[in-house]
> 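To start, I am sharing the structure in question, which I have written as C-alpha cells.
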Protein chains: 2
Amino acid sequence: MPKQTFFNLPEEKRQTIINLAIDEFADNDYQNASISRIVARAGIAKGSFYQYFADKKELYLYLIELALQEKAQFLQYTPPPDPQMGTFAYLRWLFEAGLRFSFSQPKLTRLTYRAFFDDLPFSNETIAQAQAGSSQFFTQLIQQGMEQGDLRADLDVDSAVFLFDLVFMELGNHIMQRLNVDPAELAEKGAQVFEETAAAEIYNRFMDIFEFGMGAK
Amino acid sequence: MPKQTFFNLPEEKRQTIINLAIDEFADNDYQNASISRIVARAGIAKGSFYQYFADKKELYLYLIELALQEKAQFLQYTPPPDPQMGTFAYLRWLFEAGLRFSFSQPKLTRLTYRAFFDDLPFSNETIAQAQAGSSQFFTQLIQQGMEQGDLRADLDVDSAVFLFDLVFMELGNHIMQRLNVDPAELAEKGAQVFEETAAAEIYNRFMDIFEFGMGAK
DNA sequence: CAGTCATGTGACTGATCGGTCATATTTTTT
DNA sequence: AAAAAATATGACCGATCAGTCACATGACTG
C-alpha cells in the first residue's frame, strides 16, 4: 500500500501520477518500466515519489490491485441476463464482458496481461492468487457444466481450463489486431469501438470452436 | 551473422560461448540478458566478445536462427508416417513432434518462445517471418482440411490459426508444469522424459478438444 | 629474426537505473 | 509569531549495462 502522504495528495495530482504509472507499466515490463521516467513526466521530484511509495514494487503491486479491482467491478456491473442459461451461453457472456473490458480499459488490460506473463524479479501473493483464482473459477465452471450435461463427460478438465485461461487473456489482443484497432482511437472512443466493429462476430465464431470443435460432423 | 573471427575459434570454445548465451537468453528476456554475465561465465574478455559479434542484437538473432534451424531439422527428421492421413491425425503428429522437441531442447524452446512473446527494442525480419510463417502454415493446413472435408466448412480460419499458433507455443510449458517436470532432470535425461510421463495422454486429450469441441453430443 | 596481421584484454566511457538524504519549503499547530 | 510537523527537492550514490579502445600477446610470413 502507498503511504498516507500519497492519499493526502490533491485528487488531480494523484490521478496524474497513477495514470502516468499505468502508461509506463503497460508499455514496459516490470524491469524496464522506469520510475525516473514517471516522475519526469509527472513533473515531480524523485524524492517526492519515494514519499508516496516505499519502492518500485509497491507502486507496481498497487497498480495491479487497482486493475484487478476495476475489472472485477466491470464484470460485476455486467450481470448475466439469465442465471439458468447453459454453460456455453454463460461462457459467451463471460468472454464478451472480458472483451468489452479490454476495449474500454486497454491500458489496464495490458497491465494485467503483463502481470500474468512477464518475468518478475520477485514472487507475489496477489498475482499468484489472481492466476490461481482464474483457474479455479474456470475449473468450477467446467465441472458444473459437465454435471449439467452441457459439456462432454470425458472432457479433460485441466486442458480446458488451460485453454480458457490462455484465451481469456489473449483474445482481446488478437481481436484488436485483427480489426486493426488504432490504440489512439480506442483511448478516445473507448468501449464504443466494440459496437462499431465485428468484435462480437469474431469472438462468437471463436467460441463455436470451443463448443463444437473444428472437425466436420 | 557473427564475424569470421568467431568461426575461426576452436570448436569447443565456440560451443561454450553459444551454450552460455543460450542459457542467458533463455533465462532472461532480451533487455535483461547480460553480455557482461555471458563473458564472465565464459571466462573471456568483454573485448573478445566484440571481436566475435558486432553487438548484442547480432548474438541474439544468431541464437534465434540457430534455434529455428534446430527445430526445423528436428521436425524434418520426424517424418509423418502416412502422407494420406487426415487433417487431425496430421495435427496430432505435428503437436507431438513439437512437444518432443520441447522436451529434448527446453532451452531452445524457451528462446523461441521469448522471441515470439517478449518485447524487443528493435523489429526484425527473421522473427517476423518466423511468426508469419507459422500462421501461414496453419492457414494452409486448415484450408486444405476444409477442402478435404475434415474440418467444418463454416470454421473461422483466422480464429483457428490463432488458437494453433498460441497453443503450439504454449503447450510444452503447460504440460511440463502439469507433469512437474524438473528442469534439471530434463536437461539430463532429455527427450526420454517424454516417454516416461503422461505427456502423450495429455496432448491427445487436448487435441480432442480441438477436434470434437467441449460440448456434449 | 623482423615484420605483419589476427586475436585477446580489461580499464574505461557514458548512460540509466532504483533509491537516499540533507536541506528547503509549505502547512499546521501552539 | 514561533515552533513543529509534513512535504518537496534534486544532487548524489553505487550498481549495472552495452560498447570502445589503446595496448598486449600470439601466430604466421618473408
Side-chain angles (χ1 to χ4, degrees), chain A residues 1-18 20-25 27-64 114 118-122 124, chain B residues 1-18 20-64 114 118-124:
Chain A
M1 267 290 129
K3 302 179 187 172
Q4 183 55 47
T5 314
F6 182 62
F7 295 108
N8 295 341
L9 247 35
E11 171 69 18
E12 195 192 324
K13 188 171 180 180
R14 207 167 66 236
Q15 266 311 319
T16 302
I17 293 170
I18 289 295
L20 288 169
I22 288 172
D23 285 356
E24 182 69 16
F25 282 94
D27 291 343
N28 307 278
D29 60 36
Y30 180 81
Q31 312 241 26
N32 282 96
S34 159
I35 303 295
S36 298
R37 260 196 310 258
I38 294 173
V39 297
R41 285 181 187 152
I44 64 174
K46 191 88 155 281
S48 296
F49 174 85
Y50 285 94
Q51 304 259 38
Y52 310 145
F53 298 91
D55 50 25
K56 185 181 185 178
K57 180 175 160 183
E58 184 175 274
L59 167 63
Y60 176 70
L61 293 177
Y62 179 60
L63 297 179
I64 296 292
R114 285 189 179 282
D118 284 355
D119 296 322
L120 289 180
F122 54 86
N124 172 262
Chain B
M1 267 293 126
K3 302 179 186 173
Q4 184 55 46
T5 315
F6 182 62
F7 296 108
N8 295 341
L9 246 37
E11 172 69 17
E12 194 192 325
K13 187 171 182 181
R14 209 168 66 236
Q15 266 311 319
T16 301
I17 294 170
I18 289 295
L20 288 170
I22 287 172
D23 285 355
E24 182 69 16
F25 281 94
D27 292 343
N28 306 278
D29 60 35
Y30 180 82
Q31 312 240 26
N32 282 96
S34 159
I35 302 296
S36 297
R37 261 196 307 260
I38 295 173
V39 297
R41 286 181 187 153
I44 63 174
K46 192 87 158 278
S48 294
F49 174 84
Y50 284 94
Q51 303 259 38
Y52 310 146
F53 298 91
D55 51 25
K56 185 181 185 178
K57 181 175 157 183
E58 184 175 274
L59 166 64
Y60 177 69
L61 293 176
Y62 179 60
L63 297 180
I64 297 291
R114 286 190 179 279
D118 285 355
D119 297 323
L120 288 180
F122 55 85
S123 61
N124 172 262

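Being a predicted model, the structure only gives us computed values, none of them experimental. Just so it is clear: chains get the letters A, B, ... in the order the sequence lines come, proteins before strands, and each one is counted from 1.
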> Classify the ring geometry between B:Tyr60 and B:Phe25 as parallel (under 30°), tilted (30 to 60°) or perpendicular (over 60°).
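Correct class here is tilted.
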> Could you tell me if the side chain of A:Ile64 sits less than 4.5 Å from the side chain of A:Asn124, heavy atoms only?
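A side-chain contact is absent here, since even the closest heavy-atom pair is not under 4.5 Å.
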> In whole angstrom, give the distance that lies between atom CZ of B:Phe122 and atom P of D:dA18.
13 Å
> So A:Tyr62 and A:Phe53, would you call those rings parallel, tilted or perpendicular, with 30° and 60° as cut-offs?
tilted
> Do any of residues 21-40 of chain B sit with a heavy atom less than 4.0 Å from DNA chain C, and if so which?
none
> Tell me the interatomic distance from B:Phe49, atom CZ, to D:dC17, atom P, rounded to whole angstroms.
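These atoms are roughly 13 Å apart.
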> With heavy-atom distances below 4.5 Å as the criterion, would you say the side chains of B:Tyr30 and B:Lys56 are in contact?
yes
> Using atom CD1 of A:Ile44 as one end and atom C1' of C:dT25 as the other, report the distance to the nearest whole Å.
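Between C1' of C:dT25 and CD1 of A:Ile44: 16 Å.
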> Using a heavy-atom distance cut-off of less than 4.0 Å, which residues of residues 51-63 of chain A contact DNA chain C?
A:Asp55, A:Lys56
> Side-chain N or O of B:Ser48 versus OP1/OP2 of C:dT9: is the shortest distance under 4.0 Å?
yes
> Side-chain N or O of B:Lys13 less than 4.0 angstrom from OP1 or OP2 on C:dG8?
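True: B:Lys13 side-chain N/O within range (under 4.0 Å) of C:dG8 OP1/OP2.
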> Can you check whether A:Asn8 has a side-chain N or O nearer than 4.0 Å to OP1 or OP2 of D:dT7?
yes
> What closest approach, in Å, do A:Asp29 and A:Arg114 show between heavy atoms, and which atom pair accounts for it?
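The pair with the smallest heavy-atom distance is N-NH1, 3.4 Å.
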> C:dT9, C:dT20, D:dT9: which one has an atom nearest the side-chain heavy atoms of A:Tyr50?
C:dT20
> Any side-chain heavy-atom pair from A:Ile38 and A:Leu59 closer than 4.5 angstrom?
yes
> A side-chain contact here means heavy atoms from C-beta on lying under 4.5 Å apart; do A:Ile22 and A:Leu63 qualify?
yes
> Is there a donor-acceptor pair closer than 3.5 Å between any side-chain N or O of A:Lys46 and the backbone N or O of A:Ile35?
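Checked: no pair found.
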> Scan B:Thr5 against the nucleic acid and name what it touches under 4.0 Å (heavy atoms): base, sugar-phosphate only, or nothing.
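Touches sugar-phosphate only.
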> Side chains of B:Arg37 and B:Glu24: closer than 4.5 Å at any heavy-atom pair?
yes
> On a plain distance test, is the side chain of A:Lys46 in donor-acceptor contact with the base of D:dA11 below 3.5 Å?
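Between D:dA11 and A:Lys46, which were checked side chain against base, a qualifying N/O pair under 3.5 Å is absent.
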